Amino acid sequence: MLTKAPRGTRDLLPEECAKWLYIENVFRETCTLFGYQEIRTPTFEHTELFQRGIGETTDIVEKEMYTFEDKSGRSITLKPEGTAPVARAYIEHKLYNNPLPVKLFYITPCFRYERPQAGRYREFHQFGIEAFGSPSPLIDVEVIALAVLFFEKLGLSQLEVHINSIGCKACREDYKKALKDFLFKKKDFLCDTCLLRLERNPLRILDCKNPNCQKILEDVPKIVDYLCDDCRRHFAEVEKGLTTVGVKYQVNPGIVRGLDYYTKTVFEIISEELGAQSTVCGGGRYDNLIEECGGPHTPAAGFGIGIERLVLILEAKGLIEIPSKEMDVFIAVMDENYREYGLQLLYRLRKTGFSAEMDNMGRSLKAQMKYASKIPVKYAFIIGEDEVKSGKITVKDLATGEQDKVSCDEAEIYLKNKIRKGC
RNA sequence: GUGGAUAUAGUUCAGCUGGUUAGAACGCCAGAUUGUGGCUCUGGAGGUCGUGGGUUCAAGUCCCACUAUCCACCCCA
């Protein structure tokens, strides 16, 4: 236990960190292009926020939250998703006094107590964006388009965009009733979990994967047929907007999303590279969340992207760039007598902006050279008796094996000309 | 929470029906006549065989429990 990360968590070793950093940079870049600004919210919140925001009957709140009491008896929960905390911050800091819409993005760890699986961890990370204050379908379009552009920048253009509308409060109730009536007649053919859902949350039956239920669902009433005029118009404009900005999508009536706060547009972006967890991005519009959390009526929309899943896809497709960790210089010294001379040069180079390294293991010159080529490093500076006497360092290009003599004073200039960097 | 598979060096694995000091490859470290890497050769370090019980003269090898990992269900990112 002592030497093992807790179940469902993991360490990102340097090589993996480099990949994450690259992806994060692409995400930040994309968000900036769309005018979204970064926000960072706490790792934990009052439990109440998630109960109220996500919904008491959702799986997340019912069985997946990391909830505990702190030393003064407050109920605290590690954030299971990113939207509710951002919504809370929006209200707390009265960001609605800014010119609307307020557009924010975040990169955050999330925590859910579940059995780990392919692309599923107990601590996982999300990229997300939220746009507050605009009821316009063009915001829905922008949110989806931002995700799509982000994936494209990473080289992923084959991902499927599935969209649906689950209506507003009013039309959803009508639909739920119609759905219940329909399914009630077929209840003998539904699986056990769907029978439970029939009472508690009938919408959830729509994405059941049980083959028998799937068959029944073929003729199920579709929510698009129950949308009110406003919701119908909204959805049509989302579709039109997506087409205008060149986002390919498909309408999928099965997309209902597991969080209670969604209204109108919901969407998922799916990859076939992931096993059972095929959703890499999920989001939609949530026009009531801010008000339910005690803020002014504020329509909003956003998405969350699972970073671990994204990395899995990029790795499967060979699209992940691993930046070279090659260093500029290794200073190899003959023996202890020349260490000080080398050390001075080492820090001179580092201060100038060259990455430089020197032996700290008491290795022989030969072993130092061996180590230098393993790091790896572009140039080895060799310092011994001759070099110190003449003031000229032996420089070896480890790629070609060629050697040069360079005045110690002009080492930076030499490097600058060779690798166009620093100074 | 449910089901299935797995658990041997840093890594990937071998170890047949239980039988002497648990192996290989790669990696790591050090040498190959003394101021230099990548190739080659030689040597070395490194394993409570997931943990705890049990069966047996004897268990990495059989049985049980626990833990962890992987996969799937549920649900989601």
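When reading the values below, keep in mind they use all heavy atoms of this one structure, side chains included, and skip hydrogens, waters and symmetry mates. Below, chain A is the first sequence line, B the second, and so on; all start at residue 1. Nothing here was measured: the structure is a model prediction, and the numbers come from that model.
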### Message
Whether the A:S165 and A:T265 side chains hold a donor-acceptor pair (N or O, under 3.5 Å, no angle test) is what I'd like checked.
### Response
no
### ring-ring contact (aromatic ring centres under 6.0 Å, His included) contacts touching residues 131-168 of chain A (sequence neighbours left out)
A:F27-A:F150, A:Y90-A:F132, A:F127-A:F150
### Query
Which residue, A:K63 or A:L259, contacts RNA chain B at a nucleotide closer to its 5' end, judged by nearest heavy atom?
A:K63
### Task
Report which part of the nucleic acid A:G128 touches: base, sugar-phosphate, or nothing (heavy-atom distance under 4.0 Å, all strands).
nothing
### Task
Remember a base hit wins even if backbone is also touched, and classify A:C110 as base, sugar-phosphate or nothing at under 4.0 Å, heavy atoms.
nothing
### Query
So, A:E114 and A:R122, do they make that salt bridge, N to O below 4.0 Å?
no
### Task
Measure the distance from CZ on A:F124 to P on B:rC76 and round it to the nearest whole Å.
12 Å
### Task
Quick one: label A:Q403 by what it contacts on the DNA or RNA (base, sugar-phosphate, nothing), any heavy atom closer than 4.0 Å.
base
### Length of the line joining A:E308:CD and B:rA77:P, which is rounded to integer Å
13 Å
## Note on the structure
Rounded to whole Å, CG of A:L398 lies from P of B:rC39 at a distance of 13 Å
### Query
Can you tell me how far P of B:rA77 sits from CZ of A:F303, to the nearest Å?
13 Å
#### Entry: Euclidean distance, atom CD1 of residue A:I54 to atom C1' of B:rA77 [Å, nearest integer]
13 Å
#### Entry: Nearest-Å distance for atom pair CD/P, residues A:E268 and B:rC76
8 Å
### Message
Checking A:S278 against A:E272: is there a side-chain donor and acceptor pair closer than 3.5 Å?
### Response
no
### Message
Tell me whether the count of non-hydrogen atoms from other residues, nucleotides or ligands lying under 6.0 Å of OH in A:Y338 goes above 12.
### Response
yes
Close N or O pairs between protein and nucleotides 69-72 of chain B (under 3.5 Å):
unit_1, atom_1, unit_2, atom_2, d
B:rU69, OP1, A:G8, N, 3.4
B:rU69, OP2, A:R7, NE, 2.6
B:rC71, OP2, A:A118, N, 2.7
B:rA72, OP1, A:A276, N, 3.2
B:rA72, OP2, A:Q117, NE2, 3.4

### Query
If the C1' atom of B:rC26 is compared with that of B:rA14, how far apart are they to the nearest Å?
15 Å
### Task
Only pairs at least two apart or in different chains count here, so list each salt bridge (Lys or Arg N to Asp or Glu O under 4.0 Å) that has a residue in residues 251-262 of chain A.
A:R257-A:E268
### Query
Is a side-chain donor or acceptor of A:T352 paired with a backbone partner of A:F354 at a separation under 3.5 angstrom?
no
### Task
Answer yes or no on whether A:R363 is positioned over the face of A:Y371, meaning its NZ or CZ is under 6.0 Å from the six-membered ring centre and within 45° of the axis.
yes
### Message
Classify A:Q368 by what it touches in the nucleic acid, base, sugar-phosphate, or nothing, heavy-atom distance under 4.0 Å.
### Response
nothing
Show which side-chain atoms of residues 401-409 of chain A pair as donor or acceptor with protein atoms under 3.5 Å away, not counting sequence neighbours.
unit_1, atom_1, unit_2, atom_2, d
A:D404, OD2, A:Y414, OH, 3.0
A:K405, NZ, A:T394, OG1, 3.2
A:S407, OG, A:D409, N, 3.4

### Query
Is the NZ or CZ atom of A:R40 positioned over A:Y106's six-membered ring, under 6.0 angstrom from the centre and within 45° of the axis?
no
### Query
Ring centres of A:Y175 and A:Y226 under 6.0 Å apart?
yes
Is there any protein nitrogen or oxygen under 3.5 Å from a nitrogen or oxygen in nucleotides 29-35 of chain B, and what are the pairs?
unit_1, atom_1, unit_2, atom_2, d
B:rC29, OP1, A:R363, NH1, 3.4
B:rC29, OP2, A:K374, NZ, 3.2
B:rG35, O6, A:D386, N, 2.9
B:rG35, O6, A:D386, OD1, 2.7
B:rG35, O6, A:D386, OD2, 2.4
B:rG35, N1, A:E387, OE1, 2.8
B:rG35, N1, A:E387, OE2, 3.2
B:rG35, N2, A:E387, OE1, 3.1
B:rG35, N2, A:E387, OE2, 2.5

### Task
Figure out the CE/C1' separation between A:M327 and B:rG37, and round it to whole Å.
16 Å
### Summary
From CD1 of A:I269 across to C1' of B:rC76 the rounded distance in Å is 15 Å
### Query
Looking at CD1 of A:I91 and CG of A:L49, how far apart are the two atoms once the value is rounded to the nearest 0.5 Å?
8.5 Å
### Summary
Base-pair string, RNA chain B, Watson-Crick plus G-U, cut-off 3.5 Å on both distances, | for inter-strand, is (((((((..((((.....[...)))).(((((.......))))).....(((((..]....))))))))))))....
